Chemist: 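Here's a structure for you.
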There are 2 protein chains.
Amino acid sequence: MPETIPPPFLEERRQAILGRIQMTGRVAVAELSAMFGVSEVTIRADLQALAEQNLLVRTHGGAVPAVNGINEMALFLRRERQVIEKSRIGTTAAGFVADGDALYLDSSSTSLAIAHHLRPRRHVTVVTNSLEVTRVLYDAAGVELVMLGGALQRTTASLVGGYGLANLEAFNLEKGFFGAHGISLEAGLTDVSTDEAAVKRPLAARCRQVFAVLDATKWGRIGVASFAALSQITTVITDTAAPAHLVAAVKALEIDVILV
Amino acid sequence: MPETIPPPFLEERRQAILGRIQMTGRVAVAELSAMFGVSEVTIRADLQALAEQNLLVRTHGGAVPAVNGINEMALFLRRERQVIEKSRIGTTAAGFVADGDALYLDSSSTSLAIAHHLRPRRHVTVVTNSLEVTRVLYDAAGVELVMLGGALQRTTASLVGGYGLANLEAFNLEKGFFGAHGISLEAGLTDVSTDEAAVKRPLAARCRQVFAVLDATKWGRIGVASFAALSQITTVITDTAAPAHLVAAVKALEIDVILV
DNA sequence: GTGATAAAATGAAAGAAATCGAAAGTAAAC
DNA sequence: GTTTACTTTCGATTTCTTTCATTTTATCAC
């Protein structure tokens, strides 16, 4: 199946090798040799050069992705990727973002999915405390990115603690997207981490429109820390498996509920 | 299919090269030479000039776009690594850090080298505005990491703008390590970026001990923005090629100068 | 486990293409 | 007429790739 169209430049070829190894999880020397129409020796030189940069790990007949301890962060992020791109909730939420908007993305996996969809956008300002969101948008030229400061919470790759919130008033945020551990009539939006909640609480208060993005399993659950009352929410984006009676109760409060 | 109509002016030609590389994902020297009716040497000069502006990446027979990878950031960071681990200045500087210290690392490459050496440490608190430092220390369990917030400056992978500095008083920082574009008797420590300098200035003022870490080429140079006077500096760590007369002048101010 | 065997890796040498440096040529601007 | 900016020509050099002989590694039968 390998195509035989040869990208002649060395850089291109190596880039393509990296792409393929990420995609398929492994590459073979013979396969690449046929694919690019160069000798196996050349491919070996490529693999060696890439291995020296820790971009992959050599094996006998080929190479596998770099699974190095040095780069825990990248690993952590990569693992999520498949999930991210599949998220329908994220896709829908991204549809609410207009060019020119200033918005907040929290450190949930749905925010990450939204971030992926924002990469091709122009003139969007994103405020976040998530390192993953930052990484996804790092090379998105049309996105201005502002990180809230704070102490690194390694389990969520986010920055927490009030350090970054001092002059939140400097930002006028149109829309905020919040994942949550639970949504309930009693406690509103809740999180399991008090630190995370402490960041989200003032942000939820500050965003003109508050979007709650959560899958069906979150309905009726309550985490230890509330960060927004239902009355603060503008729109809930969830999936069709959400419990009908809870959805109805929320709609009764004049909150938009979008089922995808 | 390459047209042979020659846009006569240099700027036009370079603009056209950029346009084409964005469109097709790659350009070849021979192809461009034929297209514009100029020699290949001229095209190479064009490509080199554009590459120096980071508008494209040179390859052997041509060039490819500057930002084509999905993960430009990870690539960018890893590229540096070889250089980093070799830095003797970084190694020496890291020797000044004791367990229990709270310190600031800026977004210079020397700071990155220091960060590498801090990975095995216990009970060290690092405050930084550098995404690269954060990434290096992400999985360093013994290091508590605090990021200053701000707007992402992509060229340096750092966060700038005052957002993160509002409650700097909350931190008691023992040591600060500052790279610089230049060190001089007149202007002290200077940077080429006013944004970067605006972050460093209050931090230099706040750190009990200020370490300037810079190689010999920085002596006598002056960047547009000063961020610390010589009188604020505790220790300078540089290499043995530093100009002797400048080193002597700095020592006369009762500043430690360490040559490695 | 041991050894045979096929596949893969390595090193050296050679060839081709691309690049670089320096001197020289060209053309417009002052 | 001179300056300046740009381009070209022409060797010398570097980079990239291949071939081929040799060594190493993985695998399987025993």
Side-chain angles (χ1 to χ4, degrees), chain A residues 1-22 24-68, chain B residues 1-21 24-66 68-69 75 78-83:
Chain A
M1 218 90 5
E3 315 97 48
T4 331
I5 310 115
F9 300 148
L10 179 142
E11 274 305 325
E12 282 182 290
R13 195 179 55 231
R14 292 186 179 172
Q15 209 62 44
I17 290 172
L18 279 182
R20 194 175 167 79
I21 206 171
Q22 297 289 357
T24 64
R26 59 180 303 242
V27 290
V29 171
E31 163 200 65
L32 294 172
S33 169
M35 191 165 161
F36 296 120
V38 298
S39 78
E40 300 197 344
V41 177
T42 299
I43 296 297
R44 285 187 196 108
D46 291 341
L47 294 182
Q48 184 173 343
L50 294 170
E52 277 168 10
Q53 296 180 276
N54 289 311
L55 297 170
L56 50 76
V57 171
R58 284 273 1 226
T59 64
H60 211 61
V64 293
V67 199
N68 47 36
Chain B
M1 79 190 76
E3 316 95 49
T4 331
I5 310 114
F9 299 141
L10 178 142
E11 270 312 319
E12 281 182 284
R13 193 179 55 234
R14 293 188 177 171
Q15 215 60 46
I17 290 173
L18 279 181
R20 191 174 169 83
I21 205 170
T24 64
R26 59 178 308 238
V27 290
V29 172
E31 161 200 75
L32 294 173
S33 168
M35 190 165 162
F36 296 120
V38 298
S39 77
E40 299 197 342
V41 178
T42 300
I43 296 296
R44 283 186 200 108
D46 292 341
L47 294 182
Q48 184 173 342
L50 294 170
E52 277 167 11
Q53 297 178 267
N54 291 315
L55 297 170
L56 49 76
V57 171
R58 283 273 4 225
T59 66
H60 215 61
V64 292
N68 56 350
L75 216 65
R78 255 179 286 209
R79 280 271 156 77
E80 296 271 6
R81 242 202 19 223
Q82 277 78 348
V83 183

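Labels below follow one simple rule: chain letters A, B, ... track the order of the sequence lines, proteins then strands, and each chain is numbered from 1. Source: prediction; values computed, not measured.
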Chemist: Specify the separation, in whole Å, of atom CG of A/Leu10 and atom C1' of D/dT14.
Modeler: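 Distance check: A/Leu10 CG to D/dT14 C1' gives 14 Å.
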
Chemist: Report which part of the nucleic acid A/Ser33 touches: base, sugar-phosphate, or nothing (heavy-atom distance under 4.0 Å, all strands).
Modeler: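 No contact at all - A/Ser33 keeps every heavy atom at 4.0 Å or more from the nucleic acid.
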
Chemist: With the side chain of A/Val41 defined as its heavy atoms from C-beta on, choose the nearest nucleotide among D/dT19, D/dT17, D/dT9.
Modeler: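 Nearest to the side chain of A/Val41 among the choices is D/dT19.
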
Chemist: Take atom CD of A/Gln48 and atom C1' of D/dC16, then tell me their distance rounded to the nearest Å.
Modeler: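 Atom CD in A/Gln48 sits about 15 Å away from atom C1' in D/dC16.
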
Chemist: Establish, with yes or no, whether the OP1 or OP2 oxygen of D/dC6 is under 4.0 angstrom from a side-chain nitrogen or oxygen of B/Thr42.
Modeler: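 Checking B/Thr42 against D/dC6: no side-chain N or O falls below 4.0 Å of OP1 or OP2.
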
Chemist: Quickly work out the A/Arg58 CZ to D/dT24 P distance and round it to whole Å.
Modeler: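 Answer to the nearest Å: 17 Å.
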
Chemist: Calculate the interatomic distance between A/Leu47 atom CG and C/dA8 atom P; express it in whole Å.
Modeler: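 Whole-Å distance recorded here is 13 Å.
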
Chemist: Can B/Thr59 and A/Glu12 be said to form a side chain to side chain contact (heavy atoms under 4.5 Å, CB included), step by step?
Modeler: CA-CA 8 Å; B/Thr59 66; A/Glu12 282 182 290; 5.7 Å; no

Chemist: May I have the distance from B/Phe36 (atom CZ) to D/dT8 (atom P), rounded to whole angstrom?
Modeler: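 Rounding to the nearest Å, CZ of B/Phe36 and P of D/dT8 are 13 Å apart.
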
Chemist: Counting just side-chain N and O atoms, does B/Ser39 come under 4.0 Å of either OP1 or OP2 of D/dT8?
Modeler: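 Yes, such a contact exists.
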
Chemist: Could you tell me the separation between the CG atom of B/Leu32 and the CZ atom of B/Arg13, rounded to the nearest 0.5 Å?
Modeler: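 Here the rounded value is 9.5 Å.
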
Chemist: Give the minimum heavy-atom separation between B/Ile21 and B/Val64, together with the two atoms involved.
Modeler: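 Nearest heavy atoms, B/Ile21 then B/Val64: CD1-C, 3.4 Å.
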
Chemist: Is any side-chain N or O of A/Arg13 closer than 4.0 Å to OP1 or OP2 of D/dT17?
Modeler: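 For A/Arg13, the contact criterion (side-chain N or O under 4.0 Å from OP1 or OP2 of D/dT17) is met.
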
Chemist: Inspect the contact between A/Glu11 and B/Arg58 and indicate whether a charged nitrogen and a carboxylate oxygen are less than 4.0 angstrom apart.
Modeler: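 Looking at A/Glu11 together with B/Arg58, the answer is no, because their closest N to O distance does not fall below 4.0 Å.
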
Chemist: Taking CD from B/Glu40 and P from D/dT8, how many angstroms apart are they, rounded to a whole number?
Modeler: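 After rounding, the reported distance stands at 11 Å.
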
Chemist: Can you tell me the distance, in whole Å, between the CD1 atom of A/Ile43 and the P atom of D/dC16?
Modeler: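 Rounding to the nearest Å, CD1 of A/Ile43 and P of D/dC16 are 14 Å apart.
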
Chemist: What is the distance from CD of A/Glu31 to P of C/dA7, rounded to the nearest Å?
Modeler: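 Rounded to the whole Å, the gap is 17 Å.
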
